[in-house]
Each structure stands twice: as structure tokens, then as C-alpha cells.
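These values consider heavy atoms only, across backbone and side chains, with no hydrogens, waters or symmetry-generated copies. Remember, it's a predicted structure, so these values are computed and weren't measured experimentally.
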Amino acid sequence: MQPERTTLDQIKLKIRRITKSPNPNQLSEQQLNDYINWFYLYDFPEELRLKSLKSNYVFFTKAHQDRYAFPTDDFVTVNPPLYVAGFEAQYSQSQTEFFRHYPKIQTLQNSVATGNGTEGPYNFTVTGVPLLKQEVFVTTEDVGGDAISLRDDGEGNLFEADTTQINISNVQLTNPVIVTAKDHRLQTGDTVTILGVQGTTELNSGVYIVTVINDNNFSLDGIDGTGFTAYSSGGIIVPGEVSFGTVNYLSGAIEVEFRSPIASGQAIDFGGVHYQASRPFAALFFNNEFILRPVPDRGYKVSIEAFRNPIRLLDSSENPLIKEWWEIIALGAALKIFTDRRELQVLAQYQPLYDQQLTQSLRRTIIQQRNQRAATIYDDGMSGSLQGQHGQGGL
């Protein structure tokens, strides 16, 4: 007995039939997914969208961790309010606004150590802890008078702040791992260090030899990523082996070994941002990342309304919530394909079918909504029985 087709299977099959593209060489699976997503995200009628793709995105904080990557593979965007441990938090998408209220004021400590004519290691402990991650700096001059600036990577490692950095845009968890970085300019056999990756944190602070695939992709020799955590965002590639020391964010203990000797008596200075951890009551959502203030002192449940990626919602592993829309999504995605292919005559033939399906879907939406009463200034939008309980002190 054949298993029942999922909604996504029906959509893809219909698109391939309409566009006469049964072969993946004509229309790849990734292209097919993209057209479905593009239509639903940018062309699907808002009056049909309802709340079927809305769900709650939930994550849990960690003590002394203020940044949390947003899983863009599963969700498209978020809608406030955001709740921390059940309390509504201040929410912003503006860095200027957020850091005006919660500034990262750097504390400077001069001469935390002095040079002794060698590269080190130099060990010292700074006051005013804990230290905010990705905000620690160590500066000095070598015997030749050249300035040296080290910064932390958020994982407790120090690297040179002025080192050439290449931004990572994706990590494929294959064997070997494949990294995407536009115009990386690396050559096969180069040694690199990877820092600051969100999601696939197994790669952070590692030193790797690369094999170039093309101008934008390379693999990490001997690194099997099939069991790694999925990539979320961020990360940089720094040519060479670049770790020059470590920092303990909680105790303030720092050990550093510079690339060249530091003259005897030369000051080694420190800069960092101190904070007091507690329950967060404010959040910044920027560049697919949540930044919480105050920095959490323990684990808290964070919840916010989010729109799910349509492909994820329709995937065979899910229980599809928009089965009644499968045909209009298929027709709409097919029309986008015809437009890109400049098959205008075929586009004109299928446009009436799309319009007819749209009219039917609109009627279904009206039926679904006809029993919903709009909230007014005289009530709180709750049901009558619940309001009665509230008035009697039942809640």
C-alpha cells in the first residue's frame, strides 16, 4: 500500500507537471523549494495568511551568555512581544536605540602587566568581573615599536584584532565539512583558524587545513561534520594559527603570549566591559541574533511569536497546517517559474486557474473568520465566560 502523500509532495509534483520539469536537471530540488518559499513569503495574499505559519519560538538562556542565534532555517522572522520567564521584556530591532539604553561602557586598566623582553607568556588577573564576551582587549607595543592589539572571540581565546578576517555565510555538515565564504581567496593547503560561529560551535577555535572547491567554498581536510550542530549564523576565518592566549570571563584571569617580544618595562593594557548578571528584561533582535540585557545569571525560558519557514512547515516530518492551500501555492510558484523563463503565453493560460483557486480560498477564509468578533476598547478580547470569572476574582 502506497503511503499517503504529504502536502509538500503534492505541491512539488503539481509544479513539476505544470512546468513540464520532471527532471531535477530541468528544475533542481533546491530551486523548487526556493520558488515555493518565495511565492508564499512575498506573493501569497495576506488575507489568506491567517496565523497558520505562526508558532512560538522558544529557547533557554545560559548563565553569562548574552547572545543567541536565531535559526533561520526553521523560521523567517519574529513578532514581539518577547517574554523572559513569563515576564514581557522590552524589545528592539535598533542597535542605536538598544545600546543607548544599555551601553557597553569599556573599563580600561593600564599596566596590568609589563614586558620582560620576551613574547611571554604573561599572566595577570583583572578586576571587575564578570567580563562581557567579545568585548575584551589587550594592547601593547613590541620591541620594534609596533602596536599589538588582541581581542577575544567569545569562546575565551585571544587573537589579533587587526588580522585579516573572512566572513562565513554557511557551513555544510558533510564529510568533510564545507564552508561558504564569499571571495575567500584561500589556496588549497592553507592553514586557517575559525572563530565565532553560531550553531556549529564545534568548529570554533580550531585550526584547519583547507581544500579549495571554488571562489566561495572550501572544505576542511579530515573534519567530519555529520554529527555537528546545525549552522545558525556568523563566524570568521583568520589565515594561520592565531590564538595568542586565553581569558576567563568569570575570574578575570588572562594568559597571553605575543607574536614578538615586548620590551622590558613596556606597559600591557587591558580593556573590557563589566556587567552584573540577572534576569533579562530587554532584548535586541539584530542580524538574526538575540542580545539580552541584563546578561542572564542562569537559565530562563525565552519565548516570542515567530513565522515558520513554509518549507519546514510543509515538510513530510511535520503535520501540515495549510493543506487547503496546497493547490494555490503550487499554481503561484509555477507562475513565478513561467515568469522567470519568459514563457508568457503559458503564463497567460494558467493565470485564470490561479485566479479561480484564489477566489475559492478567499471564500474558505471568510467562513473560517465569520465567527470571530473584533475586540473593542470596551473589552480585552477574552471570551465572555472568562471575563466573568475575572470580574469575580476567579483569575
Side-chain angles (χ1 to χ4, degrees), residues 56-72 75 78 80-109 112 124-138 150-159 161 195-202 204-205 229 232-236 245-256 270-304 306:
N56 286 325
Y57 170 60
V58 175
F59 66 93
F60 291 86
T61 64
K62 298 179 181 178
H64 305 288
Q65 180 73 38
D66 70 326
R67 296 171 178 264
Y68 299 86
F70 180 64
T72 53
F75 297 89
V78 297
L82 178 142
Y83 297 92
V84 179
F87 295 92
E88 183 175 347
Q90 300 171 14
Y91 178 87
S92 176
Q93 291 183 293
S94 167
Q95 287 192 104
T96 302
E97 173 188 312
F98 186 78
F99 289 117
R100 182 181 294 128
H101 288 87
Y102 309 100
K104 295 183 288 186
I105 300 175
Q106 189 177 83
T107 300
L108 303 177
Q109 296 182 29
V112 291
F124 52 91
T125 300
V126 299
T127 58
V129 291
L131 301 172
L132 189 63
K133 296 179 180 180
Q134 298 186 24
E135 297 294 338
V136 173
F137 295 87
V138 177
L150 305 180
R151 58 165 296 184
D152 76 299
D153 64 351
E155 300 289 332
N157 303 293
L158 296 171
F159 68 100
L195 304 168
V197 171
Q198 297 291 319
T200 315
T201 55
E202 294 90 343
N204 287 336
S205 306
T229 308
S232 295
S233 64
I236 60 172
T246 60
V247 53
N248 186 312
Y249 299 106
L250 299 182
S251 70
I254 295 176
E255 179 178 310
V256 58
F270 161 83
V273 176
H274 310 304
Y275 64 90
Q276 184 173 353
S278 66
R279 175 176 61 82
F281 51 77
L284 169 68
F285 182 62
F286 185 81
N287 195 26
N288 292 321
E289 185 178 57
F290 292 98
I291 301 176
L292 303 180
R293 290 291 184 274
V295 178
D297 60 341
R298 48 159 291 173
Y300 295 98
K301 179 182 177 181
V302 181
S303 176
I304 189 170

Determine yes or no for a side-chain-to-main-chain donor-acceptor pair under 3.5 angstrom, with [X] supplying the side chain and [Y] the backbone.
| X | Y | answer |
| --- | --- | --- |
| Asp152 | Glu135 | yes |
| Asn204 | Gly196 | yes |
| Glu155 | Leu195 | no |

> If you draw the axis of the six-membered ring of Tyr300, does the NZ or CZ of Arg298 fall within 45° of it and under 6.0 Å from the ring centre?
Replying inline: yes
>> Within 45 degrees of the ring normal and closer than 6.0 Å to the centroid, is that where the cationic atom of Lys104 sits relative to Phe99?
In response: yes
Heavy atoms only: give me the nearest [X]-[Y] pair and the separation to one decimal.
| X | Y | value |
| --- | --- | --- |
| Ala89 | Val84 | CB-CG2, 4.1 Å |
| His274 | Thr107 | CD2-OG1, 3.3 Å |
| Gln65 | Arg67 | NE2-O, 3.3 Å |
| Pro81 | Glu88 | CB-OE2, 3.4 Å |
| Ala69 | Tyr57 | O-OH, 3.6 Å |
| Gly156 | Tyr249 | N-OH, 3.0 Å |

>> For a side-chain contact (heavy atoms from CB on, under 4.5 Å) check, start with the C-alpha distance between Lys62 and Tyr68, then their side-chain angles and the critical distance, and finish with the verdict.
In response: CA-CA 10 Å; Lys62 298 179 181 178; Tyr68 299 86; 4.2 Å; yes
Nearest 0.5 Å, please: how far is [atom2] in [Y] from [atom1] in [X]?
| X | Y | atom1 | atom2 | value |
| --- | --- | --- | --- | --- |
| Thr61 | Asp297 | OG1 | CG | 8.0 Å |
| Ile304 | Asn56 | CD1 | CG | 9.5 Å |
| Leu158 | Phe137 | CG | CZ | 11.0 Å |
| Arg293 | Phe98 | CZ | CZ | 5.5 Å |
| Phe281 | Phe87 | CZ | CZ | 12.5 Å |
| Ile105 | Leu132 | CD1 | CG | 12.0 Å |

>> Looking only at side-chain N and O atoms, does Ser233 offer a donor or acceptor that is under 3.5 Å from a partner on Asn287?
In response: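 No, because no side-chain N or O of Asn287 sits under 3.5 Å from a partner of the opposite role on Ser233.
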Would you say the side chain of [Y] lies within less than 4.5 Å of the side chain of [X], judging by non-hydrogen atoms?
| X | Y | result |
| --- | --- | --- |
| Phe270 | Leu131 | yes |
| Phe159 | Asp153 | yes |
| Phe70 | Ser232 | no |

>> Between Phe290 and Phe59, is the ring centroid distance below 6.0 Å?
In response: yes
